[in-house]
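All chains are named by letter (A, B, ...) in the order of the sequence lines, taking the proteins before the strands, and each is independently numbered beginning at 1.
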Amino acid sequence: MNTTEEKSLNFIEQIIEEDLRKEGKTGGILTRFPPEPNGFLHIGHAKSIVLNFSLAQKYGGATNLRFDDTNPVTEDTRYVEAIQEDVRWLGYEWNGPVRYASDYFDKLYEFAVGLIKMGKAYVDDSSLEEIRRMRGVPTAPGEESPYRNRSVEENLDLFERMRSGEFEEGSRVLRAKIDMASPNMHLRDPIMYRILHKHHYRTGDKWHIYPMYDWAHGQSDALEGITHSICTLEFEVHRPLYDWYLDQIETFHPFHPRPKQIEFARLNLNYTVMSKRKLLQLVNEGHVKGWDDPRMPTISGLRRRGYSPASIRNFAERVGIAKRENVIDVSLLEFSVREDLNKTAPRVMAVLNPLKVVITNYPEGQTEELEIENNPEDPASGSRKVPFARELYIEREDFMENPPKKFFRLGPGRKVRLKGAYIIQCDEVIKDGEGKVSELRCTYYPESRSGSDTSGIKVKGTLHWVAVPTAGMVEVRLYDRLFMDPEPDNHKDRDFLEFLNPDSLQVLPEVYVEPSLKSARVGDRFQFMRKGYFCVDPDSKGEQLVFNRTVTLRDGWKKR
RNA sequence: UGACCCAUAGUAUAAUUGGCAGUACAGCGGAUUUUGGUUCCGUUAGUCUAGGUUCGAGUCCUAGUGGGUCAGCCA
């Protein structure tokens, strides 16, 4: 079973192995990750990154990072920085330099001239509206442009003048001459170049025409020697065009290897949105604090939330690769972080919502240092000293005045163990003027000390705690799902913003923590025992630490 | 009144390419536990429908149904 499990390949791996077999090779593929720098990367991109890089690793190849920067009006260098950081943080190193589609603008222009000379491309003076109208609709053929049969000489002249900036934006385009009656809309004389008098962050003001995606992408793949160009399903209808362009160019400029486009289903996660447009909207309208808000499904958001690169990689491997539309349950993502952090995150104690406990038989002024292991899952992580004292904080929800039988925690007359310390018994409940429990008076059993317990007392519950005199204080931010609906953008009559969860962020400004947390630094991850995994946020300033809750612990006692 | 793609437990994904439908997450039950965590064991639950080919169909064929994509000078 293990052996068959290892042999199981996804459909892309099957295609690659078949391709390699046909060519009598055992490896040497080249994949690419081609983001457009017009937004931050999200968990869906992570799936694509992991796919492309792990395929290359598996089949002895490499992966290029190429920015698809063919639209200067929406793209920005700010995004190219952020994207590189995210890919690196995920743990991948791309092949050679960062590449840009704009590196190939000259080559692309040359290829376009080649198509014109073959009579396979022409300059169209039609307006945007005319072109749209004459394109027809999916169920009915379009009609040919009156400019479709210009002479090669005229096309060459016009195209050259388009490039030099002689014409207004929108006045002309270069189109491939294919088939206005094709059932595939993308083959109805697709536009190759549009006029854009825009400054490009890399090519400056050199160009007045910019290539469309279809014209730029496949050729960039071919020029880089990409063997397998993996993209998402919506590009499936583009594949005939991808191949057509390559077919034409290969008549005067053969490519070895010739790239092959393969499509797979993008990742969708429930209780969130994954489109860059909607993510941008959340940022711009202030529904979140930025692209890296810990509630965002962006890679930078997840990083800030406390997700580790390994947990995201494991998640991406687990979701699988297929062509079926899918919606992954967030619980799989959460499982992936817990799995990783359980093995790596040191345990500490923090009380989110405090209730004071006074141990009446513990000598006033006395303290002691208790040795507590840092991570029971990792013996190599050692232990630390945690101070104990007569006055402590415990979690308010760990006490009930009238507890049900199955409640294993504290109640009047009940006993519990304090983690790594003593067994205590609740003797008296003190309330404030409003009847709210304000303090517990307890007694402890001196002989029940952890590690040398001779008391013989058995308790069912163990509580975390923080000693009052030595307690540190931090801010904690608790996060819940950003949307209350599993598929917020899948409702025909309702806007996804209607499903925003008003309680997705809860700030606890004063949380008591054990003193060992003083040395925590931005990015450090911990398990707050019994409460979940937490990560130090960059908003922390010096001693003033801010923690983000990455995810709660699995709760076998599902209360609330 | 088109073309193309897709359809396996609640979710996602396998099935040596035509040979006992498996895995993970989620759920449920139990054991262990100084985290109601972890770990371990058990368990519920599936091939869209109808025909056909075949000794044998999740897999091949036909039709249907359902879902998705395509009408940007976005990618």
Identity of whatever pairs with [N] - Watson-Crick or G-U, under 3.5 angstrom:
N: B/G19; result: B/C55
N: B/A45; result: none
N: B/C70; result: B/G2
N: B/C25; result: B/G10

Once hydrogens and angles are ignored, does a donor-acceptor distance under 3.5 Å link the base of [N] to the side chain of [X]?
X: A/R347; N: B/U35; result: yes
X: A/R417; N: B/U34; result: yes
X: A/Q527; N: B/U35; result: yes
X: A/R409; N: B/G36; result: yes
X: A/E377; N: B/G37; result: yes

Check whether the side chains of [X] and [Y] place a donor and an acceptor atom closer than 3.5 Å, and report yes or no.
X: A/D485; Y: A/H491; result: yes
X: A/T344; Y: A/R525; result: no
X: A/S229; Y: A/D221; result: yes
X: A/D124; Y: A/S126; result: yes
X: A/Y79; Y: A/Q84; result: no

Q: Could you tell me whether B/G42 is syn or anti, where syn means a glycosidic angle within 90 degrees of zero?
A: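 For B/G42, whose glycosidic angle is more than 90° from 0, the conformation is anti.
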
**Q.** Anti versus syn assignment for B/U53, with syn defined as within 90° of 0
**A.**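 In terms of base orientation relative to the sugar, B/U53 is anti.
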
Q: Tell me which of A/S171 and A/F528 sits closer to the 5' end of RNA chain B, going by the nucleotide each one is nearest to.
A: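 Looking at the nearest nucleotide for each, A/F528 comes out on the 5' side.
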
Q.
On RNA chain B, does the nearest nucleotide to A/A322 precede the nearest nucleotide to A/A140 from the 5' side, or the other way round? Give the residue.
A.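 Residue closer to the 5' terminus by nearest nucleotide: A/A140.
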
Look at the side-chain N and O atoms of [X] and state whether any lies under 4.0 Å from the OP1 or OP2 oxygen of [N].
X: A/R194; N: B/A75; result: yes
X: A/R135; N: B/C73; result: yes
X: A/R132; N: B/G72; result: yes
X: A/S8; N: B/U13; result: no
X: A/Q14; N: B/A14; result: no
X: A/R530; N: B/G36; result: yes

Just to be sure I understand the rule, does [X] reach a base, reach only the sugar-phosphate, or reach nothing, if contact means heavy atoms closer than 4.0 Å?
X: A/H186; value: sugar-phosphate
X: A/Y193; value: nothing
X: A/M185; value: sugar-phosphate
X: A/S127; value: base
X: A/T70; value: sugar-phosphate
X: A/P211; value: sugar-phosphate
X: A/V327; value: sugar-phosphate
X: A/V237; value: sugar-phosphate
X: A/V319; value: sugar-phosphate
X: A/I191; value: base
X: A/G532; value: nothing
X: A/E169; value: nothing
X: A/G420; value: base
X: A/I423; value: nothing

Q | Whether over 12 other heavy atoms sit under 6.0 Å from A/R148 CZ | A |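 Yes - once you tally the heavy atoms of other residues, nucleotides and ligands closer than 6.0 Å, there are more than 12.
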
Gap in Å between the two [atom1] atoms, one belonging to [N] and one to [M], rounded:
N: B/G29; M: B/U62; atom1: P; result: 48 Å
N: B/G72; M: B/G66; atom1: C1'; result: 29 Å
N: B/A14; M: B/G67; atom1: P; result: 23 Å
N: B/G58; M: B/G22; atom1: P; result: 13 Å

Q.
I'd like to know if the side chain of A/S54 reaches the main chain of A/V50, judged simply by a donor and an acceptor atom lying under 3.5 Å from each other, with no hydrogens or angles considered.
A.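 Present.
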
Options [options], nucleotide nearest the side-chain atoms of [X]:
X: A/N326; options: B/U38, B/U13, B/C6; answer: B/U13
X: A/D555; options: B/U35, B/G36, B/C73; answer: B/G36
X: A/S331; options: B/U35, B/A75, B/C25; answer: B/C25

Q | Axial cation check for A/Y100 ring with A/R202, 6.0 Å and 45° limits | A |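 Yes.
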
**Q.** pi-stack flag for A/W557 and B/G36, centroid dist under 5.5 Å, interplanar under 30°
**A.**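 Answer is yes, a stack.
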
